[in-house]
Each structure stands twice: as structure tokens, then as C-alpha cells.
Amino acid sequence: MSVAVAVPERVVRRRVDAERGLRGALLGLFALFLWVFLAWPMAQIVWRSLHDNRGAFIGLGNYVRYVSTPAIGVSITNSLGVASVAMAVTVALAFVYAYALTRARIAGRGLFRLVAMLPIFAPSLVSAIAFVYAFGNNGIVTRQTGFNVGIYGAKGIVLAEVFYCFPHAMLILMAALAAADARLYDAAAALGASRVKTFMTVTLPGVKYGLMSACFVVFTLVITDFGVPKVVGGKFSVMATEIYNQVIGQQNFTMGATVSVVLLIPAALACVIDRIVQRRQYALVSSSARPLAPGQGRLTNALLFGYCALVAAAILGIYAVIVGASLVTRWPYNFAPTLKHYRFDTIGGYTPLLNSVGVAALTAVVGTVITFAGAYLVEKSRTAAAGVLYMLALLPVAVPGMVLGLAYIFVFNAAGSVLNRLYGTLAILVISNLIHYFTVPFLTATTSLKQMDAEFENVSASLGVPFYRTFWRVTVPIALPSIVGISMYFFLNAMVTLSAVVFLVAPGTELAAVAVLLLDDAGESAQATAMSVLIIGIGLLARLVYWALLRGVTRRTQAWTTATQEPTSTA
Amino acid sequence: MVRWALTLLVLLLAAAAPAGAKDTVVIYTALEPEQITDYMKAVNKTLPNLDVKMLRLSTGDISARFMAEKDNPQADVIWGVGATNVMVFKNAGLLEPYAPKGLARVQPLFRDKDATPSWVGIDIYMSAFCFNTDVAKKKNLPKPESWADLTKPVYKGEIVMPNPASSGTGYLSVASILQRMKEPEGWKYLDALDKNMAEYTKSGSKPCKDTASGERAIGISFEYVAMKMKKDGAPVEMILPKEGSGYEMEANALTKKGKSNAAAKEFLDWAITDEAMSLYSKYFAAVSVAGFPVPEGLPKDISKVVYPNDFDWSAKNRDRILAEWAKRYQK
Amino acid sequence: MADPRPPAVALEGVAKRFGGVIALRDVSLTVAEGEFVCFLGPSGCGKTTLLRIVAGLEPQNAGLVRMAGRDVSRLPPSQRNYGIVFQSYALFPNLTVARNVAYGLETRRLGRAGVEARVDALLDLVHLRPHKQRYPAQLSGGEQQRVALARALAPSPSLLLLDEPLSALDARVRLALRHEMKALQRRLGITTIMVTHDQEEALTMADRIVVMNHGVVEQIGTPADIYTEPSSLFVARFVGHMNLLPATAVQPGRARVGALTLRHRPAPGVGPGMAVTLGIRPEEVRVGAAARDLDNRLTARVTSVQFQGAFTRLGLRGLGDGGVALECDVAATALADLGVKEGAEVPVALAPDALRAFVEPPGTHA
């Protein structure tokens, strides 16, 4: 061995050519984007929570006041309680449903899955409105049965949240249950284990991470949602409505910021744990696993079918109530059919709906470009700065929408800032949606980029082809299915989201989901349901378009993706 | 460099937003949505050059928003917002005095006392109960005739009223009770009322609308919505409480923005014309220019049914009352 | 140096670290115009890192990279004029074979017809013209490898870099491709650097081999040099098979192994009393009649007979206490004459001119 020579820490810097410069500039732009629209606003929230309404620094004074004002402080325990109960109920119900769809041989599985997905297409408060129509003091079920559930308060919140969160939990649990290893079941059978024992020792441990993940997702959804408690909360106050009341009702921004920071804690915690858990989930399934064929005893199958039919009927029933209420003159006194609730004359007609579609479409296009290009730039430049950007890109998933919206008021409505120009525009709505829903598409894009050969860029560099050409000709076409998926995710969420944009809509930029809220606030529930029906319709339509697009993409890419199955000659 | 890039980014993004047209006027209002639809038809016909952008929220919400935006005001015009709130705006120095054309026709009670008024009132509305007879029959509830009746145990959980922090209707009711009964007796009454309260709603019309749909038995709202629900065929009755209703004036004002806005003034001029007044008079117990008819079903002279309101007291004590109210009843 | 032209590639004092780990230390070497050089070493020895530094895909921490006399140390990959084939081939799955090969040509002003002609020529070169319109996934591994090669050669680079190009293929295909690639390189006369951990591949294909270990160059030489004259115990063990006997130097040219004193090749730097390792390749060990009259003779028992096709490997153990263990390769033809079987005692000779002495005791590079 030769004599040890000291190797310097610094690398020999590459000369900056146009391409490298461009790459750096794009990365810088991406960093600027995340800084201006994410990091800086979030810093502002924390900063403001340490000041009083006149701008004087008061340290933790707001927090002390928050927890020591029993009327406000109770919202913390209320939120945690409701979120925990809704989480337990949702995950339990969804588990059986997902189990039936993945492990039992029952008829109409595709249909059951589709029906269970329906709540995803509507803003959360729509489910609450529907529950009022069905189970309210004068709801149709209450009138028919004479039994009053007592929907206003914690009970109603839990009910409506379970309905709203059901598909989210179901999707996660279905994925977990589908990834079972049949060999474990064979082993259990060979050892003579009873069905119950097999379930306890094989099935449950196999999906434990899926269960945990579902729990965290539901918990986060519930604790950050304010649409449902807004409608059926009655006098029961939770943190999300507290922020809304402090900000919209009293314009007490510092208290809003304080509650926001407190709300960030459980939401962020749930997200961090969920990420750790998900990583484990993937590691759990080995590549040699053999997929499990669905099948149960006849009685079990029948029971599971009955259960699914019941749940699906309940979901459809709720949707029927929404559609029905929007089409009758005065629920529940006058069932004469009418389309008058669809005139939306009190909110200026269809402008909010058109705005929503426009904002959702823009969010889909711009969001897809920024997340995918951003993920590409971060993934391909292995620098410390890119690592920071990656961490930053993971942050939004832990930020409740209302917190983001409030942060935007701080940043974009400050006197003398260049960012003022954005306040009150459709652009700020697009941006807030984009940041609010940034993480999942960013991770999807990163995953699909990681699946590609890391040497593509090196090959093209050696061939003298600039990276952007390869990005366009190779990376994008290969990732097209993910890209289509990302845009759909953005579109659907932008259509139904309420929490971030509720603080940001302005004269001329009203949105459909916010209109549902305001209509319900003003007691115009029939118009609120009519608007909901249209939102759901557009969501379903978009889903259909997405499905068709994906089919088209698949057909186009079939030539080079499924070709491996063809017999090939050897060299 | 960063600043430059930031500006560029913002401009790029702002390009997506529609550029401000010349005759744009941004209006903040707390008028009822269905009325606005009616008024806007006339505005669009009479003032076709205006591009009206409107934000409609409940009185408390629109006021809070207006106050919050004081460093970067978005609104050009305040239209039909509770006078109590508009007085607060004036004291905060957010309003530009302006005497709209035809000001002389406005009754003296309805305007700011300054020579060039900072605000001009347009209407008066008052609190009223909605009572669902269908629910009452089912639950065997007697018809309440007075504020005092509402605290009877039989109504426990059956009453809704608007949150005074967000709703003008809510505040006028609370302010009227406190003026009539004086503190602390007024608060004792409100404590008793709170025991029967099912919910405090954000908007002033929602209690009546929830009553109309049978979700609640009694809603404390205002007179117009009560009549409207009845006319629409809901099984409700309007009740004007024996002790006298609370009432509130709604007013217009010009935002101080440092630059003159002809379109805003044009709108304010229109907002007190006979055309506007005749439209308002379809919905309100009284309007600020004399000689317009009163809607059917309402007393010809409202002074017989209301408890007199000290607007100055209401405005001056607003923050204190709301803080006390929140401390007692916001849970 | 007789050749007045500067070397195609020259590395001077190249060093690289990844955080706290030193991957390369003071690497200097040259590659002549038209030469086929292999970087050979076990995984983690730094050979791929070195190739990526040459390619400009990895920045070095110190040292210079010259190509044809030009300092390219700070140039981006696109300005270094080379073609590269990766272990994974990195073929663009969404482009046909023809478009893959044309990829580096499209940005050069060749015109459609020009590109087409060049693609055809290259596909002819690798015998893939019939597969022109196929997608990579429709080709076998060997075919994909040839497409990658054609793509790398398409812009006529002055240097070809191959990063373990054959390791993903099965044994038979690998053997065939070795010859084909070598022949192609000869025909085109293109300077080539190939990274491999397969010593057989290096021995059969390279003009010169750079044996690397732990980030340093152990030896540079022709395959024959490397095989016959390994400069270190590491090279001796890594390239080919070698019997290694722990020994103690007695006097110049003599060392003691157990009870035996053996004569060996002169080894500079070996002094009496030093621990040394003696090495001899299995095919250099003589057995039976061939050993009879030779120096360094001993008697051993045959402990195993392994048939290996062209030759048979005998396991031997010297008689007596602590007798040395040896392996010996006997050609198939000679085996019959020898007539040995397990348990037989045979004379064995370790020819002094085949017996090398290394100063490091065995186990240094275990």
C-alpha cells in the first residue's frame, strides 16, 4: 500500500456551464417557491402566536391564555376526544369492509368499492349537512322512527366524520390486506390452527402497520377538519372551529395563530409516526411472498356480504338524502320537486362553481408541473441543499389547511409587501391548494423517479444531450401514469377543500366548497346541498376522465412496459 | 437578487389573476344574500359601467375582516353594515367622509352628525322570533310571547339565536336586552336564556331558517326572514316580543384608501336614491328616506314595537359586551 | 516514452473521499491511444469511482484528469467526449432501439438521413439491425447490452467507458460477448476503459490491467505480467489461483516452510528471519514423474481429486508433521499417465523459478 496522502475535504469544483447554471437556477426557483409559500408563512404563524394583537412580543402569553381560558381550552380535549372516537369507529368499520373486499369471495366487490369511495368527492361538511337532513331533530329518519339521535354535538361530529373518513381508511386497509403472504396461511393451516387463531396470529399482525397508518390518517383528518363540527357541532367547540371563530368571527389573529400552533402538534406527530410506520409496512412484505387467494367459509362470506351491502346502502342513502334535499321545495315539509335551489341566486349564480373548476384545473396543471419538476430536481441533485428541500416538501402534509390559510393572511396581507399583489386573487387560492396538497404528489413523483435508472442523466450527459431534453423525452413519458395520477389528486382535492381557502376567498374569487359553508351558515341548506351535488358530480366526472386518460396512457405505453413477457431470443 | 426574483415570481403568478379594470368597486356588505340579488339587478341596469365585486358576510365577520385589513384595505365601499360597527370604523379612522348626492332627503336620525358624514344609514331592522307550530304541536310547546317566556324550562334545548360576535341580529338583541334591563340584571337574564339555548349560530337568519325546517322550535332572528319563511310555506309564525324588539340601523360608508375612487362614490350615490330606497323598503321595517311603504305584515309605525336603541352606547360598549358574552357563553 | 502523442487518458494524483471514507488515494496512470485498459479489483476498491471521475460524473477531491493532453478536470461530462455503457445499460425503455442509438445524434446537425444512416451502420456493427423498431424490453440481456454499446459509440467518441458491462449477463452470453466486444474495439481502434471485478474477463480482454485495492493501484501491467509477476500478495491472490505457503526467510533465495527449506525466486527486500509467503500457481506444481529430478521436492499424499473438465485439480498434503497443503492442476491428458487416486503418495516439486516470495504474511488482505 502506498503512503497515506491527505485527501482534501473539498471537491474539485466543476466549471459552471449553461446547463449546470440552468439546473441550479431551477432548483433555486423551487427553493424560493417553497420558502415564500411554505416556510416563511409557517414561521409567521409561530411568530404571531408569540405576539399580542397590537404586535408587542408577549412570549408564551397567548398559550397561557389559551389553556387557562376554560371556554377555549376545552376545545383541545374536545378535539382529541372526538378524533379518537371517530378514529376507532372508522378504522373498525373500514377494516371489516376492506377485509370483505380483499379476503372474501363476495359478489359485486367492484361496486362496493366504488360506493365506499363516494365520500371522497364531497367536502367534509356535506356529510354533516346530509346527516342533519336524515338524523336531525326534524330529519327524515327522526320523523319516521320518532327516535332522535341528538345529532348536534360530539355524537353528530363523530357520525359525520366516520362517514367522511371511511374511504380513506378503507383504501389504506385494503392495500395492507391485499399484501398478505399466502405461505403464512398455509403454514397456519398445516399446523392445524383454527380460523380465529389464524386471524389473530397471522392476519392481524400482518396488517398492523396498515391499521396504525389508517388510524393516524383518520385521526389527522378529523382533528384538522372544521367543516363537520361547523355544521353539527352545536355548542360543542373543537380546535378547528375555534381557529375559524377566532379568525373569521373575531379577527383575533394572534389567538388563531396560537390555536394553530397547538393544532400543529398532534397533526405533525401523527404524520411523522405514519411515515415511519409506512416504511415498515413496505419492508414487511418480502419479494418472495405469494399472493393470497380470497376465500372464506360460506357463512362468513354471507355475513361479510351482508355487512358490505349494509354499509354501501348507508352511504348511498346519505347521498340520496343530499340529492333529494336539493331537489325538493322545502325539506321535510314540502316534497314538491323543484330546481330552484340550483339557481344559487343568493350567491351570484354559478361563479363560485366555475371559479372552483378553474382553480382546481389550474392547481392540477401547475401543481403537477411544480411537484414533478421539483421532485426531479431534488432527486437528481444530490446536494445538502436538495436534502433540505426534500424535508421541506414533506412538511405540508402535517400542516392543517386552516393553519396554512391563516399563515397566508399574515404573509400576503401585510402592508408594503410585494406579495400583496396576490391577496384576493385566484392565484393565491391555487397556490394555497398546491402547498396544502404538496407532499403526497411530491412523494409519488419521487417514488416514480427512484424507480427509473439513475444513469439516464449520465448517459445523456455523455452523449452531449442536455438534461431537460432527456427529462422531456424519457423521464416524463415513463412517469406518465404517475403524472396523470398526481394531477387528478390535485384536481379532486382542490374541488372539495375548504380549510385553507376559507380564509383566502375574496370578492370575485368565491369557491364552491366555501359557498356550501356560507350557504349553510346563512341557513340556506337546500342550496348548500345543491352546490354539493354539483361538486360531487364534477368530481365523479373528473374521475371518469382520469380513468379514460389512464387507459389511454396504458395503451400507449403497453408496447414497452409489457413487452418483457414476450419470448425473447438470446444473444 | 432574491428580492428581484421574488418580484418576478409574484408578477408571474399574479398574471393569472384578472387585472383591475377601471370601474371596479369592491363592496363589503352584511345585507341578506337574497336581497342583494334583487338590488344588484338594479345596480347593473342603472350603473352598467361598474364592475362590482362583493364580499358578503355576517355583520360581525365583515366588520372584523374590514378591521383586519386596515393596513391593506381591500374594500372601497361599506354597504348595509350595522351602524354600531360602522361607528367603530369611523373612530378607528378607516372611513373617508363623503356626502352622497341626495343626502338632504335622509332623515337626520339616519346619518352621522358631522357636516360631511362618515356614514349614512339606509334601513332599520329588528329582532323577531320564529316559532315552528308543527314542532310545537309535536312537543307540546306553548307559544312564547315575550323575552321573559324564552327562559321557561319547557324550552330547554329548543331555542337558537345568533352569536352576537358574528351577527348583527345577535348583537342588537343582546344590546337591547342589556339596555332595557340594565347590567347586571341583563346578564342574569342572558344566563337563564343560555340554559335553554341549543346553539349560537353565525348568521342572523339561520335561527329562523333552522326553525322553518323544523330542526329547532324557536329561532331568534329578525323580522324579514321570519315573514319570508312563513310566505315560503314553512309552518312558522313571527313573534314580536312584548317587551319590545331590539333594532339596528344599517349604514353605508366610503373606505379611506388615500386615493379618490369615482366608482365607489357613484355607487354610494345610487345606494340612497329613490330606486334603492324602494327596493330596500320591500325588506325592511323602515328605510332612511321618508315616504316608502312598509312591507306587508309589519306594523306601520315600528316605534310601537321596538325598545329604543342608544346607538352610541351600543357602539361604545361593543367590545366589552362581546368579551363578557364570550366569557360566559362561548364553550 | 517513444510515442510523441500525449496519452488518451492520464490521471495524476487523483483522490476521492465520501465523507469520512477515502475511496481513492493518489491514483496516477495513463491510457494510450487505442488501448484497452481494465480497472480490476474487488467490490469497494474504488474502480467504479475512478471510472466516474474520468467520466466527470463524480467530482474528485484532488488530482487531474487529462484527455489527449487537455485538462478536463473541471469540465462537465458533456464536454469530455466519451461514450459510456453502464452495468444496467440504462437504455431508454420508451424509445425504440433505433431511437436509443440515435439519441446522441439528434442534437448534432446531421440531418434525418444522416442520423438514419449512422444508426443503421451501428446496428449492423452489433448485428441488431433487424431489431431496429423494437423496444428494449423486447430484447434479451445480451442484445440490450449491444444496443447500449451502439448508443455509446454513435457520436464517435474518442473514449469508450464500460462499467461492468457484462456482469448482468449469464455465463454463456458473457463469454460470447467478451470476444465480440474485444473484436469490435480492435476494429474501431477506440481507446477503452472497462471496469470489472471478474479477473478472467480482464485477462482475456485487456491490453493492460490496473489492479486496484482499497482505493490504491496495486499493479499496472499486461495480463501476462499481472498473472506471472504479481507484484503483491493481493494481486497474486486476486488474479488467478495460487497456493500460498506461510514461511520464514532463511537466507536470500531460501525460506523455511515447516520442516522444509525451499529455494524461491529472488525477492528484493526479504531479509533473514522475516515472515514471508511463498506462492506457486497450481499448474506450476509438478507431480509424479515430472517432479522426479527437480529441486524443492517433497512427497505428498493425494487428499482429493476434482475433475474440472480440461484439467483435474489434485489436493495434496506433504507427509510428516505440519506438512503443507497444496493444490495442483494436471492436464486431462497427463492425468491418465499419472494414474493417481485419493490416498496415493506422489512426489511433488515446486520449481524454484515458479516459487515467488511475498513479504506480507498471508491474511493481510483477507
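Both backbone and side-chain heavy atoms feed into the values below; hydrogens, waters and symmetry mates do not. Just so it is clear, the structure is predicted and the values come from calculations on it, not from any experiment. Quick note on labels: first sequence line is chain A, next is B, and so on, each numbered from 1.
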At what distance, to the nearest 0.5 angstrom, does [atom1] of [X] lie from [atom2] of [Y]?
| X | Y | atom1 | atom2 | answer |
| --- | --- | --- | --- | --- |
| A:Asn413 | B:Gln74 | CG | CD | 5.5 Å |
| B:Asp61 | A:Tyr244 | CG | OH | 6.5 Å |
| B:Ser203 | A:Leu518 | OG | CG | 10.0 Å |

Examine whether an atom of [X] lies under 4.5 Å from a heavy atom of chain A, and if so say whether it belongs to the side chain, the backbone or both; otherwise answer neither.
| X | answer |
| --- | --- |
| B:Lys138 | side chain |
| B:Met40 | neither |
| B:Leu57 | side chain |
| B:Met54 | backbone |
| B:Ala212 | both |
| B:Ala217 | neither |
| B:Thr201 | neither |

At a 4.5 Å cut-off on heavy atoms, which part of [X] comes close to chain B: side chain, backbone, both, or neither?
| X | value |
| --- | --- |
| A:Phe344 | neither |
| A:Tyr133 | neither |
| A:Glu510 | side chain |

How close do B:Ser205 and A:Ala522 get, counting heavy atoms only, and between which atoms?
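Minimum heavy-atom contact is OG-O, 3.2 Å.
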So which of A:Ile409, A:Val430, A:Asp521, A:Asp520 has the largest heavy-atom pair count under 4.5 angstrom toward chain B?
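Greatest number of close heavy-atom pairs with chain B: A:Asp521.
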Within 45° of the ring axis of A:Tyr152 and under 6.0 Å from its six-membered ring centre, is that where the NZ or CZ of B:Arg216 lies?
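Because its charged atom sits under 6.0 Å from the ring centre and within 45° of the axis, B:Arg216 does stack over A:Tyr152.
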Donor-acceptor under 3.5 Å (A:Lys235 side chain, B:Ala198 main chain):
no
Under 3.5 Å: donor-acceptor pair, side chain of A:Asn138, backbone of B:Glu215
no
If only side-chain N and O atoms count, and only distance matters, is there a donor-acceptor pair under 3.5 Å linking A:Tyr333 with B:Asn132?
yes
B:Lys231 atom NZ, over 12 foreign heavy atoms within 6.0 Å:
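Atom NZ in B:Lys231 is not packed in, count stays at 12 or less.
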Could you pull out all residues at least two apart from B:Phe131 that satisfy ring pair (Phe, Tyr, Trp, His ring centres under 6.0 Å)?
none
Among B:Asp134, B:Val160, B:Val225, residue most engaged with chain A (heavy-atom pairs, under 4.5 Å):
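Among B:Asp134, B:Val160, B:Val225, the one with the most close pairs to chain A is B:Asp134.
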Taking every non-hydrogen pair under 4.5 Å, which of B:Ala234, B:Gly233, B:Cys208, B:Ala75 racks up the most with chain A?
B:Ala234
Salt bridge or not for A:Lys340 and B:Asp232, using N-O below 4.0 Å?
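Salt bridge absent between A:Lys340 and B:Asp232.
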B:Tyr28 and A:Pro507, any side-chain heavy atoms less than 4.5 Å apart:
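Yes, at least one pair of side-chain atoms sits under 4.5 Å.
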Worked check of side chain to side chain contact (heavy atoms under 4.5 Å, CB included) between A:Lys230 and B:Lys202
CA-CA 10 Å; A:Lys230 186 81 209 21; B:Lys202 177 169 278 300; 4.0 Å; yes
